[in-house]
Amino acid sequence: MSALGLFSLFVTLSIAVLNFVTAEPELFTADDGTKFLIEMEPKYNWFEAVHECGRRGYQLVEVHDGDKHNTLLKSLNTYLGKSTDLWLGANDQFNDDRDLKRPFYWTFSGKRMTFSNWSNDNPNNDGGQEHCVHTWEKADNFGWNDIVCTYKMGYVCEERPKNC
């Protein structure tokens, strides 16, 4: 192979690697027009996921009611087809209480969580270290679980509300 051919191959491979490394998560538009950014790579802790969403002008998803839950659930089922571990935008403000009814708050809005999709026996704050909310691979229909905030998983962002 000629030097020019080797150089061309090197450039092509370099571009392919850069595209792979810098690939952005895919934007998914729900039937109601809500835009979700879904990152499947399990390489983000909860704090990194908050940052990644913000860096792109989004926020970790907040689910304030049944309508929003149904929109998110339908979108995730359409996009992914099965439950998986994905960060959501809520935490319990690092409350050490193991009470299933301890309060959780949405990070961007600061509102107390009034709607939830907890999986069975959750949130349980197992080991006193589970403070962040995620959809759980072990639960049907993207049921929620509390987990240690430093675990690595993907995340779901959404567009920030227009009035922000």
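Since the model is a prediction, treat every value here as computed from it, not as a measurement.
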Worksheet entry | Residue pairs, two or more places apart or on separate chains, that pass side-chain hydrogen bond (donor to acceptor under 3.5 Å, both in side chains) and touch residues 144-154 | Glu48-Lys152, Arg102-Asp146, Asn122-Asn145, His134-Asn145
Practice prompt. Using side chain to side chain contact (heavy atoms under 4.5 Å, CB included) as the criterion, list what pairs up with Leu27, not counting sequence neighbours.
Written response: Lys35, Leu37, Tyr58
Discussion item. Does anything in residues 67-85 form a salt bridge (Lys or Arg N to Asp or Glu O under 4.0 Å)? List the pairs, not counting sequence neighbours.
Written reply: Asp31-Lys74, Lys68-Glu158
Item to complete: Could you tell me whether the side chain of Asn117 and the main chain of Phe142 form a donor-acceptor pair under 3.5 Å?
Response: yes
Worksheet item: How are the rings of Tyr155 and Tyr44 set relative to one another: parallel (under 30°), tilted (30 to 60°) or perpendicular (over 60°)?
Response: perpendicular
Response to the item:
Here the pair of heavy atoms bringing Ala90 nearest to Met113 is CB-CE, 3.5 Å
Worksheet entry | Gap separating the CG atom of Asn125 from the CD1 atom of Ile147, nearest 0.5 angstrom | 12.0 Å
Worksheet entry | Residues in ring pair (Phe, Tyr, Trp, His ring centres under 6.0 Å) contact with Phe47, at least two apart in sequence or another chain | none
Response to the item:
Output for pair (Leu60 CG, Cys132 SG), nearest 0.5 Å, gives 9.5 Å
Worksheet item: Does Ile38 share a hydrophobic cluster with Met153, counting links as ILVMFWY side-chain heavy atoms below 4.5 Å and allowing steps through other members?
Response: no
Worksheet item: Going from SG on Cys149 to CG on Asn91, what distance comes out if it is rounded to the nearest 0.5 angstrom?
Response: 6.5 Å
Worksheet item: To the nearest 0.5 Å, how far apart are OG1 in Thr135 and CG in Leu72?
Response: 8.0 Å
Response to the item:
Residue pairs meeting disulfide bond (SG atoms under 2.5 Å apart), one or both in residues 58-94, sequence neighbours left out, come to none
Worksheet item: Is it true that a side-chain atom of Thr84 and a backbone atom of Glu137 form a donor plus acceptor pair closer than 3.5 Å?
Response: no
Discussion item. When you group the ILVMFWY residues by side-chain heavy-atom contacts below 4.5 Å and let the links chain together, are Met40 and Val156 in the same group?
Written reply: yes
Fill in: Ala30: partners by side chain to side chain contact (heavy atoms under 4.5 Å, CB included), with sequence neighbours left out
Asp32, Thr34, Phe36, Thr71, Ser75
Worksheet item: So, Phe94 versus His131, ring centres under 6.0 angstrom or not?
Response: yes
Worksheet item: When hydrophobic residues are tied together by side-chain contacts of less than 4.5 Å, even through go-betweens, does Trp46 share a cluster with Trp118?
Response: no
Discussion item. Given 3.5 Å as the limit, does a donor-acceptor pair link the side chain of Glu41 with the main chain of Lys43, or not?
Written reply: no
Item to complete: Only counting residues at least two apart or in another chain, list the ones meeting side chain to side chain contact (heavy atoms under 4.5 Å, CB included) with Gln129.
Response: Val148
Worksheet item: Please walk me through it: do Leu86 and Val61 pass side-chain contact (heavy atoms from CB on, under 4.5 Å)?
Response: CA-CA 10 Å; Leu86 297 169; Val61 68; over 6 Å; no
Discussion item. Give me each pair satisfying disulfide bond (SG atoms under 2.5 Å apart) with a member in residues 60-93, each pair once, sequence neighbours excluded.
Written reply: none
Worksheet item: Taking only residues two or more places apart in sequence or in another chain, which ones pass side chain to side chain donor-acceptor pair (under 3.5 Å) with Glu52?
Response: Arg55, Arg56
Item to complete: Can you measure from OG (Ser83) to CG (Leu73) and round to the nearest 0.5 angstrom?
Response: 8.0 Å
Fill in: Partners meeting side chain to side chain contact (heavy atoms under 4.5 Å, CB included) with Asn70 (sequence neighbours left out)
none
Give every donor-acceptor pair under 3.5 Å between a side-chain atom in residues 103-112 and any protein atom, sequence neighbours left out.
residue, atom, partner, partner atom, Å
Thr107, OG1, Gly89, O, 3.2
Ser109, OG, Glu62, OE1, 2.8
Ser109, OG, Lys111, N, 3.2

Worksheet item: Is the CG atom of Asp140 crowded by more than 12 outside heavy atoms at less than 6.0 Å?
Response: no
